[in-house]
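Residue numbering restarts at 1 for every chain, and letters A, B, ... go by the order of the sequence lines.
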There are 2 protein chains.
Amino acid sequence: MLHLTFRQLSVFESVARNLSFSRAAEEMHLTQPAVSMQIKQLEENIGLPLFEQLGKKIFLTEAGKELYHYSRIIAQQLLEAESVLSELKGLERGKLNISVVSTANYFAPQLLARFCTDHPQIKVSLNVGNRESVLKQLHDNEIDLAILGTPPEGIDIEAYPFMENRLVIIAASGNPLADKPAIPASRLQNEIFIMREQGSGTRLAAEKYFSSHSVQVKTGMEMSTTEAVKQAVQAGMGLGILSLDTVLLEVETGRLKVLDVEGFPIIRHWYLVHRQNKRLSSVAEAFKSFLLRQAQ
Amino acid sequence: MLHLTFRQLSVFESVARNLSFSRAAEEMHLTQPAVSMQIKQLEENIGLPLFEQLGKKIFLTEAGKELYHYSRIIAQQLLEAESVLSELKGLERGKLNISVVSTANYFAPQLLARFCTDHPQIKVSLNVGNRESVLKQLHDNEIDLAILGTPPEGIDIEAYPFMENRLVIIAASGNPLADKPAIPASRLQNEIFIMREQGSGTRLAAEKYFSSHSVQVKTGMEMSTTEAVKQAVQAGMGLGILSLDTVLLEVETGRLKVLDVEGFPIIRHWYLVHRQNKRLSSVAEAFKSFLLRQAQ
DNA sequence: TGTTATCATCATCAAAAGCTTATGGTATAT
DNA sequence: ATATACCATAAGCTTTTGATGATGATAACA
């Protein structure tokens, strides 16, 4: 196996370029014997002469020419690596791997878009999934950051709230409760609620509300997506509890109504989450502080 | 400037491939702390973490992935360089730069062809020129070897005779001297000779012959090429003195006759020549000994 | 012919590179 | 809860590396 050193190669490159040991020595701020020694060692390593001296002049041997070729390629690659890495050090380049729960998909893209405008060279990989799959990705270290409505229990996690997550009760615009002010919790007794599936953060919060207000509601209908809940509510099949963020558009256009129920909106938060001890890339770090600035 | 070592890179490559410090240590016959230290130094050099540890597992950071990419390219180039150089060490590859004086062009190609048959991978650059230009190339170190009829005077040269160079007097087939046996030197008195230009080795030898045999000949016609001399002689314009090697074909077909003159053929030699202290490539060395074997 | 430019060699020294062993911390698995 | 698998860190040692300055040899140059 060839055991060269970068030092040897770069000295060699200089000598080959200048076709002079002395010039190379000057260029590298060395004495001439130092250069001679490096070249000698290199030649011993390789087992072939690289230069030949005829009179005052030196020439590259065939082997020297070949090595010069490779040493330039290698130097080139090193330079390139250096520049890529130093870009990575700053914020000029890099990739942000982030996953968000599907509910967050209603606002996360805008946030990312704003971030990308500030850092145009950055690549983003945004994953949308249900809570479970996002947590798995986090655990498998496939992503740098995640956005969740409820930080997971595991101690291995750091979670930062960065935005309010207002849960509201929505109804179709034709619902009798629509536009009624100050609806008491008890009025919800026996109402039909379209819910997300078991395990969703929103659902947990809703159930906590119902039990703490001692209200029994009918929760037979389970939808696996927020969109399905909205559709069902809009069709008048019952009431829904959702993040305000996910229904902004429908409320604005009057297709859905937000009910003014006692104890609502339930104010929760969106959390930016990453594994503890995770060494965030500078990009991820930047996005994190970008989001946390939003918190104020 | 990035100051990496190949050691660091190769250890890094192993760790990145195994995604384990301990496996890499085994693979490289090192202890695990040794690996840790190499990686740590590498990370310090670069200024970025290359791995992150989450629990038992380690992962490449973004920077690590980039560096892995480059380290593989560089390793690849090194391997390639290694193989090219080791081929150069043997006789599998390489280039032979040789120049011959134009006269030698009548036999040099055959010699080269035979040599190439034995070493098919070798590239040959054959240059044909007059003596002056060949000597200049030798001096400028543009060629490894040269073939000359007369070794130059300079002390800076090594010359090896390897083949007889018989100078003969030729005449057109209709010449009255043709086929006469044992022509005395005096018979040449006042004959017209077609000669090569001043400075050619052949001409020098011829003039030496004439003066030592006290013969005056007419040497008005100077030709700059051997071919021109042959044509002129064939046309009956006079006699010529040339290397036997250059007229073999014409003698065989009867177009030219070799005269049986006293003191002829003048036996000289073809010389293989290179600069003193020249570090011959293994190919050149091989060709040299190939030619010298011909000498026997 | 002497002067100059250029590379090789030698003796010597300081710095660093590179290891190993021992030990410690932490997350995972049992 | 304990054991295990991993990596980090520290101390100490040897070897290698990289340089320097002095000196020498040789070929080109003037």
**Message:** Can you tell me which residue among Gln77(A), Glu80(A), Glu82(A) is in a side-chain hydrogen bond (donor to acceptor under 3.5 Å, both in side chains) with Tyr70(B)?
**Reply:**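 It is Glu80(A), the one option of Gln77(A), Glu80(A), Glu82(A) that forms the side-chain hydrogen bond (donor to acceptor under 3.5 Å, both in side chains) with Tyr70(B).
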**Asked** Of all residues at least two apart in sequence or in a different chain, which pass the side chain to side chain contact (heavy atoms under 4.5 Å, CB included) check with His274(B)?
**Response**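 Testing His274(B) for side chain to side chain contact (heavy atoms under 4.5 Å, CB included), a comparison that skips the adjacent residues, returns Leu145(B), Glu158(B), Tyr160(B), Lys278(B), Leu280(B), Lys288(B).
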**Request:** Would you please name every residue forming a side chain to side chain contact (heavy atoms under 4.5 Å, CB included) with Gln121(B), sequence neighbours left out?
**Result:**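 By the side chain to side chain contact (heavy atoms under 4.5 Å, CB included) rule, Gln121(B) matches no residue at all.
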**Upstream residue (5' side of DNA chain C) when Gln38(B) and Pro33(B) are each assigned their closest nucleotide** =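 Nearer the 5' end of the strand: Gln38(B).
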**Asked** How do Arg275(A) and Arg7(B) order along DNA chain C: which one's closest nucleotide is nearer the 5' end?
**Response**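 The residue mapped nearer the 5' terminus is Arg7(B).
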Separation of atom [atom1] in [X] from atom [atom2] in [N], rounded to whole Å:
X        : N       : atom1 : atom2 : value
Lys40(B) : dA16(C) : NZ    : P     : 16 Å
Asn45(B) : dA16(C) : CG    : C1'   : 13 Å
Met37(A) : dT12(C) : CE    : P     : 15 Å
Gln41(A) : dA17(C) : CD    : C1'   : 14 Å
Ile39(A) : dT9(C)  : CD1   : P     : 13 Å
Leu42(B) : dG18(C) : CG    : C1'   : 15 Å

**Asked** Taking for each residue the nucleotide of DNA chain D with the nearest heavy atom, is it His139(B) or Leu30(A) whose nucleotide lies nearer the 5' end?
**Response**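 It is Leu30(A) whose nearest nucleotide is closer to the 5' end.
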Got a sec, which residues hit side chain to side chain donor-acceptor pair (under 3.5 Å) with [X], two or more places apart in sequence or on another chain?
X         : answer
Glu222(B) : Arg203(B)
Tyr68(B)  : none
Thr202(A) : none
Arg17(A)  : Glu13(A), Glu27(A)

**Item:** Qualifying salt bridge (Lys or Arg N to Asp or Glu O under 4.0 Å) pairs, either residue in residues 63-72 of chain B, two or more places apart
**Value:**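 Passing the test, one end in residues 63-72 of chain B: Arg93(A)-Glu66(B).
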Kindly list each side-chain donor-acceptor pair under 3.5 angstrom involving residues 34-43 of chain B, sequence neighbours excluded, with atom names and distances?
| from | atom 1 | to | atom 2 | distance (Å) |
| --- | --- | --- | --- | --- |
| Ser36(B) | OG | Gln32(B) | NE2 | 3.0 |
| Glu43(B) | OE2 | Leu50(B) | N | 2.8 |
| Glu43(B) | OE2 | Phe51(B) | N | 3.4 |

**Prompt:** Angle, rounded to 10°, between the helical axes spanning five pairs at each terminus of the helix from dT1(C)-dA30(D) to dT30(C)-dA1(D)?
**Reply:**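 Answer rounded to 10°: the end axes differ by 30°.
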**Prompt:** Thr31(B) side chain N/O closer than 4.0 Å to the phosphate oxygens (OP1, OP2) of dT20(C)?
**Reply:**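 Affirmative; the distance criterion is met.
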Could you list the protein-to-nucleotides 4-7 of chain C atom pairs, N/O on both sides, closer than 3.5 Å?
| from | atom 1 | to | atom 2 | distance (Å) |
| --- | --- | --- | --- | --- |
| dA5(C) | O4' | Lys56(A) | NZ | 3.2 |
| dT6(C) | OP1 | Arg23(A) | NH1 | 3.3 |
| dT6(C) | OP2 | Arg23(A) | NH2 | 3.3 |
| dC7(C) | OP1 | Phe21(A) | N | 2.9 |
| dC7(C) | OP2 | Ser22(A) | N | 2.9 |
| dC7(C) | OP2 | Ser22(A) | OG | 2.3 |
| dC7(C) | O4' | Gln53(A) | NE2 | 3.4 |

**Prompt:** Going 5' to 3' along DNA chain D, which nucleotides are the first and last within contact of chain A (any atom under 4.0 Å from a heavy atom)?
**Reply:**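 Answer, 5' to 3': dG18(D) to dA28(D).
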**Request:** With sequence neighbours excluded, tell me which residues meet salt bridge (charged side-chain N to carboxylate O under 4.0 Å, His left out) with Glu132(B).
**Result:**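 Residues passing salt bridge (charged side-chain N to carboxylate O under 4.0 Å, His left out) with Glu132(B): none at all.
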**Request:** Indicate yes or no for a side-chain donor-acceptor contact from Asp144(B) to the backbone of Asn97(B) under 3.5 Å, with no hydrogens or angles considered.
**Result:**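 Present.
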